[in-house]
Amino acid sequence: MYRTHTCGELRSANIGENVTLSGWVQRIRGLGGMTFIDLRDRYGITQLVADEKNDEKLSAAIDSLGREFVVKCEGKVIERASKNPKLPTGDIEVQLSSVTILNVSETPPFTIENETDGGDELRMKYRYLDIRRNPVKNALLLRHKVSQEVRKYLDTENFIEVETPFLIKSTPEGARDFVVPSRMSPGEFYALPQSPQTFKQLLMVAGMDKYFQIVKCFRDEDLRADRQPEFTQIDCEMAFVEQEDVLNTFEGLMTHLFKQILNVSLPKHFHRMPYADAMSLYGSDKPDIRFDMRIRNLSQIAKGNGFVVFDKAEYVGGIVVPGSADYSRKQLDELTKFVQKPQIGAKGMVYVKLGADGAVKSSVDKFFGPDDLKKWAAHMEANDGDLLLILAGDRTRTLEALGQLRLEMGGRLGLKKADEFAPLWVVDFPLLEWDEETARFYAMHHPFTSPVKADMHLFNSDPGAIRANAYDLVINGVEIGGGSIRIFDRELQHMMFKALGFTQEEAEEQFGFLLNAFKYGAPPHGGVAFGFDRLCAVMGGSESIRDYIAFPKNNAGRDVMINSPSEISEQQLKELQISLKKIDN
RNA sequence: GGUCCGGUAGUUCAGUUGGUUAGAAUACGUGCCUGUCACGCACGGGGUCGCGAGUUCGAGUCUCGUCCGGACCGCCA
């Protein structure tokens, strides 16, 4: 027998028992005649103690041990002479009678500690060692719990989990597909699903009523800290529902998850914000509403004073940074540099310091008197002691820059509290998005999203102004999920394809199976998909999703541990009837 | 496709204006140590300064190219 207990469970109550433990050698502390060993497994650490003076065999075994050796240890649980309150097992230790080496280990390339000395690349290359560390192990445990609770909750709500295929059909809309060559149909390719979107809609036609699936999705696009080429969604769809039904159902899911796993109570009703408000008040379609600091429009009152930057700008707006009028020149220069970074792209920044004594100082004193500036302050509902930061320019970009500046200031002022969770539904997204490059509309969400009924009359006159029955769930500024009420009417679906510039033939070719299905009594339906990795990261308080994925890919989409992607053999190519040729762009 | 940052001991990093034998911490090895738990003390081994070219009397340091890693923009219905 390898073990009678795990390394995390022995307590004072076990004192006197003879036990067998197996695990990895975390650390060895030799004190001459006696040696302490920390033995680690998934469940914790137990200290072993060896009195080597009287036992040559034991002494020899211990001398040959190294870090991360796998050992089986037998001994008696005894009370510690000096207890360690930092360890759950810190009241006891195991007095060793024998140690058996089950496997040796080379010295690991980094320390297996909570605060490891290993860098990211090394940790990824030796991910199996990285997972031995508590932070990664706990992240995977959290992920496991979330998936268990998702299934529990949705099951009680009568959802059923149905698996949909991974080898499907490539479509040009949306993200780039990963493709898989077919051996039996040479020259033809499967695509891996970007999401099970069409299948879940077919399941609604099939009468499955309430469906969900925790499912891998694949998108061949560039990566980010919060974006992997293969990622997991909690994919859900319901029939006979309107938008409010969907939102309420999944507020319930989120409330359940946060309560069960973090013991956090989310608000009874999640705040709902139209997309247009999100953009104009927060400069983002995924506002972090843990703090206020809303963007204020100054276009009306700040223009027309001869300050050219403002006068020729489409939009002037700013934020009120509470209690920060004492910002130094250096700090303000830093912020100016921040907004001038190419990815933010503001030309410059105007500040107004509202001194605690009522004095006003700004970077545009030449153009605006104290009365003007105080008018701004009043308009922005600022108080003495606050700092106004103002940007001007093209409306959309300036709002986005202000949004970034807002997040930066929120961070600096410590307003993004780690133990606070602020869920928000962003609703009323535009149905269509104009793309300058290809000079056509694209579906902002996807081509099956239904338009808001009241906006239907705009279909021919102003399609860009049509709102969609689409919604995103945002928590702490992270897009956790999104969905829509779908089109279930064949005629409307045709109108949609037409607006997207599809010919009848193209629509039939790509989505004929879905349009066909809609001929046979498709119920009204809608759904949502949550980014499972992101949800776990938000619940775990991390910005990166990589630690919540057992074996993630790096920045370039490579798995540095197994070294993929990689070339395949001539034989494999031949079977697929594929020949390779370099193409220079 | 683009912008920025980085690559020096097993690991994390420092390395001044281009100048003697490239350092620290940690890890590793050896010895001492009976209450440690980031044990302590002493000693020791360990380097293709990512790679290639160039400038120079001389390059870890400067220039160009290239590879690798990270963050971001584009992209991600």
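No hydrogens, no waters, no symmetry mates; every other heavy atom, side chains included, goes into these values. Labels below follow one simple rule: chain letters A, B, ... track the order of the sequence lines, proteins then strands, and each chain is numbered from 1.
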> Which sits closer to the 5' end of RNA chain B, A:D435 or A:D38, going by the nucleotide each is nearest to?
Replying inline: A:D38

> Taking any strand in view, what nucleotide pairs with B:rU20 in a Watson-Crick or G-U wobble way, both distances under 3.5 Å?
Replying inline: none

>> Roughly how many Å apart are B:rG7 and B:rU12, using the P atom of each and rounding to a whole number?
In response: 11 Å

> In the strands shown, is B:rC4 matched to any nucleotide by a Watson-Crick or G-U wobble pair with both distances under 3.5 Å, and which?
Replying inline: B:rG70

>> I'd like to know if A:R224 reaches the base of B:rG74 with its side chain such that a donor and an acceptor end up less than 3.5 angstrom apart.
In response: yes

> Can you tell me how far the CG atom of A:L48 sits from the SG atom of A:C7, to the nearest 0.5 Å?
Replying inline: 7.5 Å

>> I'd like the C1' distance from B:rG60 over to B:rU20, given in whole Å.
In response: 16 Å

> How is A:S195 classified with respect to the nucleic acid when contacts are heavy atoms under 4.0 Å: base, sugar-phosphate, or nothing?
Replying inline: base

> Which part of the nucleic acid, if any, lies within contact of A:P109, taking any heavy atom under 4.0 Å across all strands shown: a base, the sugar-phosphate backbone alone, or nothing?
Replying inline: sugar-phosphate

>> For a quick test of reading the model: is some side-chain N or O of A:R558 closer than 4.0 Å to OP1 or OP2 of B:rC68?
In response: no

> How many Å lie between CD1 on A:I78 and C1' on B:rG35, as a whole number?
Replying inline: 11 Å

> B:rA24 and B:rG15: how far apart are their C1' atoms, nearest whole angstrom?
Replying inline: 10 Å

> Would you say the side chain of A:R227 and the base of B:rC76 hold a donor-acceptor pair, judged only by whether the two atoms sit under 3.5 Å apart?
Replying inline: yes

> Roughly how far apart, to the nearest Å, are B:rG10 and B:rA27 at atom C1'?
Replying inline: 7 Å

> Just checking A:T107: base, sugar-phosphate only, or nothing, at a heavy-atom cut-off of under 4.0 Å?
Replying inline: sugar-phosphate

> Starting at the 5' end of RNA chain B and moving along, which residue's nearest nucleotide shows up first, A:L31 or A:G118?
Replying inline: A:G118

>> Can you measure A:M34 atom CE to B:rC39 atom C1' for me and round it to whole angstrom units?
In response: 12 Å

>> Give me the distance, rounded to whole Å, that separates B:rU30 from B:rG70 when you measure between the C1' atoms they each carry.
In response: 39 Å

>> Any side-chain N or O of A:N84 below 4.0 angstrom from OP1/OP2 of B:rU36?
In response: no

>> Need one value for A:F36: base, sugar-phosphate or nothing, where a base atom within 4.0 Å counts as base even if backbone is also close, heavy atoms only.
In response: base

>> When you compare the side chains of A:Q26 and A:R132, does any donor N or O come within less than 3.5 Å of an acceptor on the partner?
In response: no

>> Measuring only the P atom in each nucleotide, how far is B:rU63 from B:rG45? A whole number of Å is fine.
In response: 36 Å

> Would you call the rings of A:F497 and A:H494 parallel, tilted or perpendicular if under 30° counts as parallel and over 60° as perpendicular?
Replying inline: perpendicular

> Reckon A:R123 touches a base, only the sugar-phosphate, or nothing at all at heavy-atom distances under 4.0 Å?
Replying inline: nothing

>> Is there a side-chain contact between A:R67 and the phosphate of B:rC28, meaning an N or O under 4.0 Å from OP1 or OP2?
In response: yes

> Does B:rA27 have OP1 or OP2 sitting under 4.0 Å from an N or O in the side chain of A:R27?
Replying inline: no

> With a non-hydrogen cut-off below 4.0 angstrom, is A:Q197 in contact with a base, only sugar-phosphate, or nothing?
Replying inline: base

> Does any N or O donor sit under 3.5 Å from an N or O acceptor when you compare the side chain of A:D120 with the base of B:rG69?
Replying inline: no

>> Could you tell me how far B:rG47 sits from B:rU21 if I compare only their C1' atoms? Round to whole Å.
In response: 13 Å

>> Salt bridge check, A:E479 against A:K286: does any charged N sit closer than 4.0 Å to a carboxylate O?
In response: no

>> OP1 or OP2 of B:rA71 versus the side-chain N and O atoms of A:K341: is any pair under 4.0 Å?
In response: no

> Looking at A:E314 and A:R397, does any basic side-chain N land under 4.0 Å from a carboxylate oxygen?
Replying inline: no

> So does A:R80 reach the base of B:rC37 with its side chain, donor to acceptor, closer than 3.5 Å?
Replying inline: yes

> A:A81 near the nucleic acid: base, sugar-phosphate alone, or nothing, with a heavy-atom cut-off under 4.0 Å?
Replying inline: base

> Under 3.5 Å, is there a donor-acceptor pair between the A:D288 and A:Y282 side chains?
Replying inline: no

> Heavy atoms under 4.0 Å, any strand shown: does A:I45 hit a base, just sugar-phosphate, or nothing?
Replying inline: nothing

> Using a cut-off of 4.0 Å on non-hydrogen atoms, how would the nucleic acid contact of A:G30 be classed: base, sugar-phosphate, or nothing?
Replying inline: base

> When you compare B:rC72 with B:rU11, how far apart are their C1' atoms, in angstrom units rounded to a whole number?
Replying inline: 28 Å

> At under 4.0 Å, does any side-chain N or O of A:N554 touch on OP1 or OP2 of B:rG69?
Replying inline: yes

> Reckon A:K125 touches a base, only the sugar-phosphate, or nothing at all at heavy-atom distances under 4.0 Å?
Replying inline: nothing

>> Strictly below 4.0 Å: does A:R29 bring a side-chain N or O up to OP1 or OP2 of B:rC39?
In response: yes

>> For A:Q197 and A:Q201, which I'm curious about, is there any donor-acceptor pair between the side chains at under 3.5 Å?
In response: yes

> Does B:rG40 have a Watson-Crick or wobble partner in any strand here, with both distances under 3.5 angstrom, and which is it?
Replying inline: B:rC32

> Pick from A:F199, A:F178, A:F218: which one makes a ring-ring contact (aromatic ring centres under 6.0 Å, His included) with A:F166?
Replying inline: A:F218

>> Rounded to whole Å, how long is the line connecting atom CG of A:D559 with atom P of B:rG69?
In response: 12 Å

> Going by modelled atom types, is there a donor-acceptor pair between the base of B:rU36 and the side chain of A:Q47 at under 3.5 Å?
Replying inline: yes

> Across all strands shown, which nucleotide pairs with B:rU61 by Watson-Crick or G-U wobble geometry, both distances under 3.5 Å?
Replying inline: none

>> Between the base of B:rG35 and the side chain of A:E93, is there a donor and acceptor pair under 3.5 angstrom?
In response: yes

